[in-house]
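The block underneath contains the structure these notes are about, expressed in structure tokens.
Atoms within each ligand, like the ligands themselves, are counted from 1 in listed order.
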Amino acid sequence: MEPKKEKSSTESETPAAKNAIAKKAEQLEQQIKKLRMELEQKTSSKEKKTPAPSKKEEKKTKTPSKKEEKKIKEELEKEENKTYEEELEEQLTDEEIQNFQIEKMDMEKLTNKVCDIVAKYQTDGMLQSELWKKLKLTSRDGSRLALKLERLGIISREKILEKGRWTYKLIIKRTPVSTESIENAPCLTCPVEQKCSLEGEISPLTCQLIEDWVLIEITKPKK
Ligand code: SF4
């Protein structure tokens, strides 16, 4: 036997009940509309409360603070007092500074000369312009040489104001080791160098070759 088909809820509702539901739906729709309008009004009034900044206020925010003004002033002064060497340091790479060469000039000899002269001024240092004059160098080459020697740790440079102009004082830091002083040493080609030691049978303390070489070296005129 087939099961009895049940009536759906709408089918079972009377016309009066259907009317009541339609009315309720209409009321709900109106309520939603009202709420929407209220919400729109609230958001538009909030936007009005935060007005756009006036031109005066905009100008006020763009004006730099005292701290910023001081910083700008310092940067301007720094730019005005910039030395030729500082400009070179900005333009050249470390490699370019360290590999600087002056055409047709023995750079090792020149470095030794610089050290000899600057070392005489000890910790007081000397004005770089005086040094360039003594070595007959242009300030272009001299400034590059000073940067190179500073990078090699041979001299230090101190920025000073001299007669209203910024320049540098050069101070010796260390003297470079010159290979020239040992280039004729007999030990470099000695056949028994491996067996030679201070306490051994073969020793520089008793070596005739060394004695002869030292005697020749100390009687050589200084370059
Ligand atoms: S000191 Fe004399 S023996 Fe020793 S390595 Fe030098 S030359 Fe040779």
**Request:** Taking both backbone and side-chain atoms into account, decide whether Cys207 has an N/O/S atom under 2.8 Å from atom 6 (Fe) of ligand 1.
**Result:** no
**Asked** Please state which protein non-hydrogen atom is closest to atom 1 (S) of ligand 1 and give its distance, to 0.1 Å?
**Response** Ile210 CG1, 3.4 Å
**Prompt:** Please state which protein non-hydrogen atom is closest to atom 6 (Fe) of ligand 1 and give its distance, to 0.1 Å?
**Reply:** Cys187 SG, 2.4 Å
**Complete:** ligand 1 to Cys190, heavy atom cutoff 4.0 Å, flagged ligand atoms 3 (S), 5 (S), 7 (S), 8 (Fe)
**Prompt:** Which residue supplies the protein heavy atom nearest to atom 4 (Fe) of ligand 1, what is that atom called, and how far is it?
**Reply:** Cys196 SG, 2.4 Å
**Verdict with supporting geometry, Val114 and Leu135, side-chain contact (heavy atoms from CB on, under 4.5 Å)** = CA-CA 8 Å; Val114 170; Leu135 296 169; 3.6 Å; yes
**Request:** Could you tell me which atoms of ligand 1, counted from 1 in the order shown, lie closer than 4.0 angstrom to a heavy atom of Ile202?
**Result:** 3 (S)
**Message:** If you count every heavy atom of other residues, nucleotides or ligands that lies below 6.0 Å from Lys133 atom NZ, does the total exceed 12?
**Reply:** no
**Glu26, CD: over 12 other non-hydrogen atoms inside 6.0 angstrom** = no
**Complete:** Residues Glu201 and Thr206: closest non-hydrogen pair is O-OG1, 4.2 Å
**Item:** Straight-line distance of Ile102 CD1 to Arg140 CZ, nearest 0.5 Å
**Value:** 9.0 Å
